Every structure is written in C-alpha cells, then in structure tokens.
Amino acid sequence: MSPEKILPAINQPQDLKKLSLKELNQLATEIRARIIETVSRTGGHLASNLGVVELSLALHYVFNSPVDKIIWDVGHQCYTHKLITGRQKGFVRLRQSGGVLGYPCREESEHDIYNTGHASTALSAALGLAISRDRRQEDYHVIAVVGDGSLTGGVAYEALNQIGHLRERLIIILNYNEMSISPNVGALSRYLSYLVSGQPYLRIKEQAKSVLRSIPKIGWPLIKAARSFEELMIKTFFPGIFFEELGIKYLGPIHGHNLRSLIEALETARKYSGPILVHCVTQKGKGYRPAQLNPEKFHSAPPFHISTGEPAVCEPGPSYSRIFGEAVADLGRQDQDIIAITAAMTDGTGLNRFAAENPERFFDVGIAEQHAVNFAAGLAISGLKPVVAIYSTFLQRAYDQIFHEVCLMDLPVVFALDRSGIVGEDGPTHQGTNDIAYLRHLPNIILMAPKDENELRHMVYSAFKYRHPVAIRFPKGCGPGVLVEKDFRFIPAGQAELLKSGRDLLIAYGSMVYPALEVAEALEKEGLSLAVVNARFARPLDEKLLTELARSARAVFTLEEGVLDGGFGSAVREMFDRNGFYHLAFRSFGLPSSVYPLGKPEEIKKLLGLDVEGLVAAIKDFYRQHNL
C-alpha cells in the first residue's frame, strides 16, 4: 500500500515543521510529481523548479515566512514555494487566467515579499530589507536565493560589494546548477565549477558522513571534528576566499538535494551575525529525465507529454525567433564581419544555428545586457557588424548603453527585440510592450517591425545595410504562416507599404497589420472605407506616403502592440502635426501603461479591446461620435 499523501495537508510553511526527515523527502517526491503534471498541461519553467524542491523545503523548514523574508532572484523557480504557502488550488491553473503567476507576486500572497522576473536584483533588494530591519530595530532574517546564472549580471556584484562593506546580517543562498537559460559562461562560472569540483566531492562527503553517523557514540563527535578540518580543506582547495575577501562568510558547497545537509547548513547560517553565503549544488530537471538531459529545452517548456517530454501541440510553422536566427545564419555565411551576441538565451533568440556554424563569431555574455550592448559598440566602432538579440523586456535594462554607447555615436548595431508585445503567461515582468516608447526618441536609431515572417527576413538583411543603429521588434511564437522567400530583398529605410486603398486611413505597425486588414474588411461591410498601411517603420515614418493618403481622409487610426504613451501612434500624430494636418479626426489603438492581468495574449488583447471585434466596435463608435 502506498503511503498517504502529505502535500494536500500542507497549507502553510509551519506545517512542514511537524514532519520528520523521511516525510520531508516523501513530500519532495510528491511536489516533483505535482510540478511535472501541472507544467505538462499549462507550460512553464520546469527544469529550474525541479532543481530547487529540497532547497525550498529546507528554507521554509528552518525559517519562518512571512516574518522572515525570502527573496527569489528571477523568481521562475518559486513553484515549490507557492505549493507550500497556501496556493495549491490556484496552482492547477498555473500561468493561466484565474490561476497563480509563475513568478513571485506580492498581490498574490504575503509570502511573496518582492516581485521579481529579471535576474540579479535580489541581493540589492535583500540588503535594503536588512538595512530597514535594523533601522527599525526589528528582528527577522532576510534570505536571498540567487542562481549562479544571476551572478553573471553586474548589478549582483554591485550589491555584493555593498553587502561586504556594510556587513549587515543577511543570508545569501547561491544555487549552483551551471545554468541560467543557456549554459552559463564566463570566468565566474568556471570559478564556481572549481569551488564544487563537480558532484564526486559532494558524494564522497555525504557517504563519509553516513558512515560516521552509523558508529555509536563516537560518530557525531567525529563529524563535528571533521567539519573543522573540512573548513580548512575548503579554504585550501575550494577557495570561497572570493566571497570571504568581500567580507561575506562562505559556507559550502552543500548537496542541494540532501535535506539533512541543507537544514544543517541553513541552521548554521541563521545563527551567523553578519552576511553569509551558503553555496548549494543542485541539478536542473532533477527527477524528470528529459529535463535533466535537456534543461535548456525545459527552461520554459510548452505543454508536453510526460512519457516522452515531447511538446503536446506542434507549432503550425516556424517561429519568428527561428526565422530571425536562420536569416542571421544565412547572412553570416556571406559576410564574415557579422557577429552575433545574446544574453543567456541562445536557443530562445534563434541564434543556436549561427552559434554552431560560427563559434568564433558568436558571444553569449550571460545575463549581462548592459555589457552586451557596450561590447557590441566596441565591435561596431572598429568596423564589424554586431547583431544583439535580447528579449524586449530585458533589453530595457541596457537603456543607458543603447543611448550613450550606440545612438550618440551613430554606431551600426542591429538590435533584435524578441518577445515584443504582449507575451502573456509569464506575467507583468515579461511583457515586451515598452520598446517602441523607450527607443523612439533616441538619436539616429531606426525602428522596424515586420508584418510577417517573410518581411522579418528582409528586415534583418536590410538592417545591416543602413549603417545606423537599428532595432527590429517581433512577437513571440509563430507568424501568419506566409511563404518565406530564400532570396533577400532590401527595404529602404522609412518605406511603408499600402496594402488596401480607401477613403480614411488605418496605419498599422508590426503584429497589428494583419488584424488591421481584418478590421478594414469588416468595416467595409458597414459602409466605412479605410486604406490600410503597413508602416514597417516607427522611425523614420514614411511621411510622403502618409501625408499623401491623409490629404483626402477625414479620420486616421493607428494600431500597435505597444504602450500608447510615447509609442507608434504618438509618432504618427506628431508627424501629422508637423505637416499641418490639424483637421484630422485621430485615434490611436494600443496598450495602456498599466499592469496587465495574467492570461494568454489573445485573452489580454480581447480584454483591452485590441482584438478585431473590439477594434471594429471602437472605430464604428468613433465615427458616430464625430458625425463622420
């Protein structure tokens, strides 16, 4: 007979403290099964969450959340945390409307102390909490759980420097698993690998402790004596001296899937009076073989078949990311000066093919977007042709570098902004809705967005020809499914495309072009005639074509999948004002500058009135209000 399930009885972290070590291990097994089953249906971050099950349990067993503050860096590894903090019911609809977010969310639970979604931020926030605690003379622990991938981000080192200087009581959990999204790169990753010297050291350590425990009376004294010797050996052969020299006590490496070892280490850490780093070694995908063998594939997995790990639903065609990656790879064969750069997302941005063919011209800089842009500027100023592929939401972290290092010097760097627009299931921190607004006002930059996969291929080719900073935004997932031409075609900068003639004017940008055609067709049946323009560019605009079409128009509408404040519609309105078209009835359709609810992109668009049905109704109402 199978033992009674433990997980259904865990409603709050305090319930863990009633469990024996054997029961905690059973609970870890149940949680892994629940995570695998749920993510197989909803999609989500699988490998990272399977890797921190025991660590999450140990944290909540030793500390007292929410009095003690646990901050998860990035936050994509918080599924176990959510399951044991009263959210099992909502977990059924993980990352779906009405369910729990896949990242920490203060609005969701008192146990989520800090909303995270981008890497390398937890240490700074944790130090702020520690300072606040001490100034208010309060008494609680602050724990930051940071992955080794996050330590490739510069802001983490800025925080470590200050933490070591101030020496506030603060616990840092360094979760070492050799992965961020793509495999970790750089000197620090090699250093951490040296620290743990692989899994053999940990296995030998645990086996030795197991043997000593079995010896009556003298076993535990020997273990305690061995710990002192082990600390000396670690400092000699596994030099945590890097952290020690910063003023941060180093404890580890600890086997990250051994609950007894984790609990012992965390108990030691909670008694320390200054900053201490507990170095845990875990395995991404632990307990599910497909994720263990291919953690990058299961970093953010779509729904899949548990038995095989294969996707449950086949994509209808190649994704925009793949089309972009293939274009760069094809161009890279023709031009040896093309250099590709990404920030810990080789596969996600479609650059894996270029990387395989041109390892000497491909650079994954880790989670270091600012460095990626600065690095590209150095390449460009010397005559090379860098393309920087980073998700829209992450590129905004390098705003200063885009402005100072690239745009002010008018350097020919090509930015590929993957996941632009509404991304959906990953929630507020991952929406790629701001890039038009945060790039449009920068000097010398050209902003482009394709209406489909084929146009994206031609835009990538054209971007390298402009010899100015260029940003190409494109959405997550697949395009309309048009035929992708093999040969490249040059698109002159600022050249729009008239797709349909009509009296009034509907100007669409990027992903909203095909919906604009559907809107115009529906309105045609209502007796309203709209010309449809594929703008292609938010900067420069095709002033010649747009002003020519506007001369006979009564109303102009713009469509964009970006925030309206400072966005594409603002650019069009400003252009018409410059040219004296003050008489036009004008309306922009786009996204509000607010936090969108959790849900699929199509659900969010419908809720915001940005679907075809909502747009048709809004435009008809606009005509009625203006008596047109």
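Remember, it's a predicted structure, so these values are computed and weren't measured experimentally.
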Distance-only check: which donor-acceptor pairs under 3.5 Å involve side-chain atoms of residues 125-132, not counting sequence neighbours?
{"residue": "Ser132", "atom": "OG", "partner": "Arg136", "partner atom": "NE", "Å": "3.4"}

**OP:** Mind running side-chain contact (heavy atoms from CB on, under 4.5 Å) on Thr342 and Val388 for me, showing each step along the way?
**Re:** CA-CA 6 Å; Thr342 191; Val388 181; over 6 Å; no

Answer yes or no: does atom [atom1] of [X] have more than 12 heavy-atom neighbours from other residues, nucleotides or ligands under 6.0 Å?
X      : atom1 : answer
Tyr114 : OH    : no
Arg106 : CZ    : no
His441 : NE2   : yes

**OP:** Could you note down all residue pairs passing salt bridge (charged side-chain N to carboxylate O under 4.0 Å, His left out) where residues 407-427 supplies at least one of them, sequence neighbours left out?
**Re:**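 Output for this query lists Arg95-Asp426, Glu425-Lys600.
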
Excluding sequence neighbours, so at least two apart, what forms side chain to side chain donor-acceptor pair (under 3.5 Å) with [X]?
X      : value
Asp565 : Ser593
Glu574 : Arg440
Arg539 : none
Ser588 : Thr558

Where the side chain of [X] meets the backbone of [Y], is there a donor-acceptor pair that is under 3.5 Å apart?
X      : Y      : result
Ser420 : Gly432 : no
Asp73  : Ala122 : yes
His458 : Arg489 : yes
His118 : Thr429 : yes
Glu453 : Gly481 : yes
Asp335 : Asp337 : yes
Asp542 : Ala496 : yes

Original post:
Have His279 and Tyr250 got a donor and an acceptor in their side chains that come within less than 3.5 Å?
Top reply: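 Yes, side-chain donor-acceptor contact under 3.5 Å.
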
**OP:** Verify the ring-centre separation between Phe490 and Tyr466: is it less than 6.0 angstrom?
**Re:**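 Aromatic pair counts; centres sit under 6.0 Å.
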
[X] [atom1] to [Y] [atom2] distance, which is reported to the nearest 0.5 Å:
X      : Y      : atom1 : atom2 : answer
Arg167 : Leu246 : CZ    : CG    : 9.5 Å
Leu123 : Ile163 : CG    : CD1   : 5.0 Å
Leu439 : Ser392 : CG    : OG    : 8.0 Å
Leu46  : His299 : CG    : NE2   : 11.0 Å
Thr433 : Ile604 : OG1   : CD1   : 10.0 Å
Ile341 : Leu379 : CD1   : CG    : 5.0 Å

Does the side chain of [Y] come within less than 4.5 Å of [X]'s, by heavy atoms?
X      : Y      : value
Phe362 : Thr346 : yes
Asp148 : Asn175 : no
Thr349 : Ser321 : no
Val387 : Phe354 : no
Ile70  : Val145 : yes
Phe488 : Leu331 : yes
Ile143 : Ile71  : no
Glu369 : Leu395 : no

**OP:** Please assess His76 against Thr116 for the test side-chain hydrogen bond (donor to acceptor under 3.5 Å, both in side chains), listing each intermediate value before the final yes or no.
**Re:** CA-CA 9 Å; His76 64 297; Thr116 50; over 6 Å; no

Original post:
Under the criterion side-chain contact (heavy atoms from CB on, under 4.5 Å), which of Val413, Leu442, Ile445 is the partner of Val406?
Top reply: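 The option that passes is Val413.
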
Original post:
Which residue, Arg473, Glu561, Arg536, forms the side-chain contact (heavy atoms from CB on, under 4.5 Å) with Tyr509?
Top reply: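 The side-chain contact (heavy atoms from CB on, under 4.5 Å) with Tyr509 is passed solely by Arg473 among Arg473, Glu561, Arg536.
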
Inspect the contact between [Y] and [X] and indicate whether a charged nitrogen and a carboxylate oxygen are less than 4.0 angstrom apart.
X      : Y      : answer
Glu497 : Lys451 : yes
Glu326 : Arg322 : yes
Asp330 : Arg457 : yes

Contact summary for [X] and [Y], nearest pair of heavy atoms:
X      : Y      : result
Ile338 : Gly332 : CD1-N, 4.2 Å
Phe576 : Leu546 : CE2-O, 3.8 Å
Gly427 : Leu101 : CA-CD1, 3.6 Å
Trp72  : Gln77  : CE3-CG, 3.8 Å
Ala389 : Leu351 : CB-CD1, 3.7 Å
Asn49  : Tyr79  : OD1-N, 2.8 Å

**OP:** Applying side-chain contact (heavy atoms from CB on, under 4.5 Å), run through Asp435 and Gln396 and close with a yes or a no.
**Re:** CA-CA 7 Å; Asp435 54 86; Gln396 62 199 22; over 6 Å; no

**OP:** Identify which one of Phe394, Tyr391, Tyr596 satisfies the ring-ring contact (aromatic ring centres under 6.0 Å, His included) criterion when paired with His430.
**Re:**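 So the option named by the test is Phe394.
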
**OP:** Decide yes or no on side-chain hydrogen bond (donor to acceptor under 3.5 Å, both in side chains) for Glu455 and Asn534, but give the supporting numbers first.
**Re:** CA-CA 11 Å; Glu455 195 163 66; Asn534 168 24; 3.1 Å; yes

**OP:** Could you please spell out the steps behind the side-chain hydrogen bond (donor to acceptor under 3.5 Å, both in side chains) verdict for Asn115 and Tyr103?
**Re:** CA-CA 7 Å; Asn115 290 3; Tyr103 291 83; over 6 Å; no

**OP:** Evaluate the side-chain hydrogen bond (donor to acceptor under 3.5 Å, both in side chains) criterion for residues Gln370 and Asp400: first the C-alpha distance (whole Å), next the side-chain angles of each, then the deciding distance (0.1 Å), finally the verdict.
**Re:** CA-CA 8 Å; Gln370 292 170 296; Asp400 185 69; over 6 Å; no

Original post:
Stepwise, does the side-chain contact (heavy atoms from CB on, under 4.5 Å) test hold for Leu447 with Phe537?
Top reply: CA-CA 6 Å; Leu447 303 186; Phe537 297 85; over 6 Å; no

